[in-house]
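Below you'll find the structure, written out as structure tokens, and then a few comments.
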Amino acid sequence: MTYVTDTLQLTVQQPRPGLAIATVAGDVDTRTADTLRREASEIIQQGCPHLILDLSQVGFCDSAGLSALIGLWHATEAVHGSLGLANVPDRLTRMLVLTGVDAVLPVHATAAQAVTTMTAAGLLTSAGEHGSVTHASGDGGTCEPTLPN
């Protein structure tokens with residue numbers, strides 16, 4: 001039996017100004033791809049043009065999910081930002097390679113490696129802890145920053 005859920009959760013950290021790391025939890029498919037696109041686009045529009053999607057908690061991604069990733073890449077490019085993928089499951093990695101999407105979406109072993117690569121490429125200009133946001137989604141919601149103590 002296949003269990004399909006339309007719940008997708010994003011937990012967001014903002015380790016540096018202009019950069020967000022969104023950990024995606026759940027399946028990214030026809031039921032949740034629009035949620036991922038909408039919620040991640042909000043993060044970009046809220047001042048984080050550089051986005052890393054940590055996909056370690058994604059169990060499944062179909063063509064709608066792949067389309068959402070490509071759409072987010074376009075969204076970051078439109079604001080002179082960048083999109084990186086981290087902790088990509090093997091099955092999704094194969095899909096990225098087979099479709100050639102891995103040529104435009106950088107894939108990193110870890111989110112920390114993605115941050116290091118973006119920093120070395122000169123994409124990020126400021127260092128230091130900026131804050132974090134938790135954004136559980138499926139029904140919309142808002143991001144509220146949690147400032148460090």
Side-chain angles (χ1 to χ4, degrees), residues 1-118 123-124 129-148:
M1 181 172 187
T2 302
Y3 177 73
V4 180
T5 178
D6 59 357
T7 302
L8 187 72
Q9 293 185 355
L10 275 71
T11 303
V12 183
Q13 296 177 338
Q14 191 175 352
R16 299 181 184 193
L19 170 68
I21 301 170
T23 302
V24 181
D27 293 339
V28 184
D29 55 23
T30 53
R31 291 180 179 230
T32 61
D34 286 339
T35 300
L36 173 62
R37 189 181 318 222
R38 182 181 61 250
E39 301 299 336
S41 292
E42 271 186 39
I43 295 165
I44 296 164
Q45 295 305 314
Q46 290 177 356
C48 291
H50 302 284
L51 179 61
I52 298 166
L53 294 178
D54 181 335
L55 303 174
S56 60
Q57 297 179 36
V58 171
F60 176 76
C61 182
D62 66 8
S63 60
L66 181 62
S67 177
L69 295 176
I70 294 167
L72 290 171
W73 173 69
H74 285 292
T76 58
E77 292 286 310
V79 295
H80 307 287
S82 59
L83 176 66
L85 306 179
N87 297 307
V88 180
D90 289 341
R91 190 173 188 180
L92 179 53
T93 298
R94 285 191 299 275
M95 183 189 303
L96 294 170
V97 171
L98 285 172
T99 59
V101 174
D102 65 321
V104 295
L105 284 179
V107 176
H108 306 276
T110 65
Q113 182 188 58
V115 171
T116 300
T117 301
M118 288 179 168
L123 298 174
L124 307 175
E129 185 70 17
H130 185 68
S132 64
V133 211
T134 298
H135 197 142
S137 183
D139 61 348
T142 59
C143 287
E144 294 184 18
T146 304
L147 300 176

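All values below come from the heavy atoms of this structure, side chains included, with hydrogens, waters and symmetry mates left out.
Across all non-hydrogen atoms, the minimal contact from S41 to R37 is OG-O, 2.7 Å. Of all heavy-atom pairs between I21 and P15, the closest is CD1-CG, 3.8 Å.
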_Pair M118, V115 - check side chain to side chain contact (heavy atoms under 4.5 Å, CB included), show working._
CA-CA 5 Å; M118 288 179 168; V115 171; 5.9 Å; no

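Rounding to the nearest 0.5 Å gives a distance of 11.5 Å between OG1 of T32 and CD of E39. Rounded to the nearest 0.5 angstrom, D29 CG and T35 OG1 are separated by 9.5 Å.
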In residues 91-112, what donor-acceptor pairs under 3.5 Å come from side-chain atoms, sequence neighbours left out?
residue, atom, partner, partner atom, Å
T93, OG1, P89, O, 3.1
T99, OG1, M95, O, 2.8
T99, OG1, L96, O, 3.3
T110, OG1, Q113, N, 3.0

Would you mind writing out the side-chain donor-acceptor pairs for residues 50-62 within the sub-3.5 Å range, not counting sequence neighbours?
residue, atom, partner, partner atom, Å
H50, ND1, S82, N, 3.3
H50, ND1, S82, OG, 2.8
H50, NE2, L123, O, 3.3
D54, OD1, S56, N, 3.0
D54, OD1, S56, OG, 2.8
D54, OD1, N87, ND2, 3.1
D54, OD2, N87, ND2, 3.1
D62, OD1, A64, N, 3.0
D62, OD1, G65, N, 3.1
D62, OD2, T30, N, 3.2

Please tabulate, for the side chains in residues 71-81, all donor-acceptor contacts under 3.5 angstrom to protein atoms that are two or more places apart in sequence or on a different chain.
residue, atom, partner, partner atom, Å
T76, OG1, L72, O, 3.4
T76, OG1, W73, O, 2.8

